[in-house]
Protein chains: 2
Amino acid sequence: MGVTKTDNQQLKVREKIDKILLDKASNENCCPVKDILGRFGDKWSIYTILMLGRKETLRFNELKTLISGISQRMLTVTLRSLEEDGLVKRTIYPEIPPRVEYELTALGHSLLLKLLELADWAKLNIHQIIEAREVYAGKKSH
Amino acid sequence: MGVTKTDNQQLKVREKIDKILLDKASNENCCPVKDILGRFGDKWSIYTILMLGRKETLRFNELKTLISGISQRMLTVTLRSLEEDGLVKRTIYPEIPPRVEYELTALGHSLLLKLLELADWAKLNIHQIIEAREVYAGKKSH
DNA sequence: CAGGATCCAGCAAGATACTG
DNA sequence: CAGTATCTTGCTGGATCCTG
């Protein structure tokens with residue numbers, strides 16, 4: 001034998017990584033992961049997706065109130081990029097005063113689920129990370 | 001009845017979101033997800049983690065070669081922040097010429113797995129997203 | 001009410017030169 | 001070899017004013 005279960009897992013992981021890196025080559029200059037993560041790696045996208053996940057639809061100023069600290073411009077920019085990626089649907093009602101409603105698309109909902117999984121990881125390990133940061137800070141000042 | 005399976009799923013999702021947002025309140029000013037995502041949402045962290053996932057250990061210049069386009073400074077900064085969070089272990093061998101080896105910690109490996117899951121989502125949906133972008137671009141110029 | 005346009009500050013990130 | 005230090009720049013994101 002000589003091949004443990006851990007070794008096998010390792011091999012699978014490396015295979016997967018290689019696949020992703022291959023995709024990168026086939027695409028222009030960026031692997032999908034990086035592209036996607038780049039999208040919601042910004043300051044507000046995650047909050048926005050989470051907030052939209054809590055209700056069916058939300059209006060612009062409702063979102064602005066829910067996402068504390070966001071500026072008008074950033075909310076507009078964030079919503080536009082999410083809309084552009086097909087994660088958020090924007091519906092304009094030609095009324096006076098104007099009304100615009102935002103909601104997650106099916107794609108947006110499926111991303112939301114993945115984000116929640118990642119959130120679980122984060123919640124599970126946040127203490128380890130914080131601890132590591134303290135250790136690191138301690139070593140630095142030693 | 002009147003409560004479909006979809007409704008139940010929706011409720012669970014919203015519950016989960018609420019939990020995350022509560023954590024945000026208990027922490028300083030940031031939910032764990034955002035904190036964590038902020039870390040590897042930058043330009044190079046993901047590549048670095050992926051590359052480190054392919055080998056046991058890697059030296060500074062090996063990494064620099066593997067991650068095409070990264071500058072010396074950015075590699076240093078990226079590795080330091082990953083080390084600070086306890087995702088990467090840095091071992092210095094006091095030789096001449098100096099040798100420094102980097103490897104993923106257990107925590108780093110567990111994050112790698114989650115990143116690969118996200119990568120799967122990205123690979124599965126990248127075409128939908130690209131299509132959405134084209135539709136959006138088409139609408140804009142219409 | 002929803003958001004477009006503009007201006008500006010601050011930080012992220014690149015290039016270059018130097019060091020233990 | 002594996003960085004650090006410094007300078008410079010480009011873009012993110014904020015504030016403000018304006019419009020359909």
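The chains referred to below are lettered A, B, ... by the order of the sequence lines, with proteins before strands, and numbering in each begins at 1. In this text, all values refer to a predicted model and were calculated from it rather than measured experimentally.
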*Which part of the nucleic acid, if any, lies within reach of B:Arg73 when heavy atoms closer than 4.0 Å are counted: base, sugar-phosphate only, or nothing?*
base

_Could you tell me how far apart B:Met74 (CE) and D:dA2 (P) are, to the nearest whole angstrom?_
18 Å

*Less than 4.0 Å between a side-chain N and a carboxylate O, is that true for B:Lys114 and A:Asp120?*
no

*asked:* side chain to side chain contact (heavy atoms under 4.5 Å, CB included) for B:His109 and A:Gln10? Distances and angles first, verdict last.
replied: CA-CA 10 Å; B:His109 275 290; A:Gln10 277 287 353; 3.5 Å; yes

*asked:* Which nucleotide wins on minimum distance to the side chain of B:Ser71, given the candidates D:dG20, C:dA15, C:dG4?
replied: C:dA15

*Indicate yes or no: does B:Arg99 engage B:Glu101 in a salt bridge with an N to O separation below 4.0 Å.*
yes

*asked:* With a 4.0 Å cutoff (strictly under), does any side-chain N or O of A:Arg99 reach OP1 or OP2 of C:dA2?
replied: no

*Would a distance-only check, ignoring hydrogens and angles, find a side-chain to backbone donor-acceptor pair under 3.5 Å from A:Ser45 to A:Asp42?*
no

_Quick check on DNA chain D: between B:Thr76 and A:Gly69, whose nearest nucleotide comes earlier from the 5' end?_
B:Thr76

*Spacing between A:Ile92 atom CD1 and C:dA2 atom C1', to the nearest angstrom*: 9 Å

*In whole Å, what is the span from the CZ atom of A:Arg80 to the P atom of D:dT12?*
17 Å

*Mind checking B:Tyr102 for me? I need base, sugar-phosphate or nothing, with any heavy atom below 4.0 Å counting as a touch.*
sugar-phosphate

*Hey, does the side chain of A:Lys43 come within less than 4.0 Å of D:dG14's phosphate (OP1/OP2), counting only N and O?*
yes

*Nearest of C:dA2, C:dG14, D:dC1 to any side-chain atom of B:Trp44?*
C:dG14

*For the side chain of B:Arg90, counting heavy atoms from C-beta on, which of C:dC1, D:dG3, C:dG20 is nearest?*
D:dG3

*Which of these nucleotides, D:dA2, C:dA2, C:dG3, is closest to any side-chain atom of B:Phe60?*
D:dA2

*Basic-acidic side-chain contact under 4.0 Å: A:Glu84, A:Lys89*: no

*Roughly, in whole Å, what's the span from CG in A:Asp42 to P in D:dC11?*
17 Å

*Report the distance from atom CG of A:Leu75 to atom P of D:dT12, rounded to the nearest whole Å.*
17 Å

*Which whole-number value in Å describes the distance from A:Ile67 CD1 to D:dG13 P?*
14 Å

*Measure from CD on B:Glu101 to P on D:dC1 and round the result to the nearest Å.*
14 Å

*Round to the nearest Å and state the distance from A:Ile70 atom CD1 to C:dA2 atom P.*
14 Å

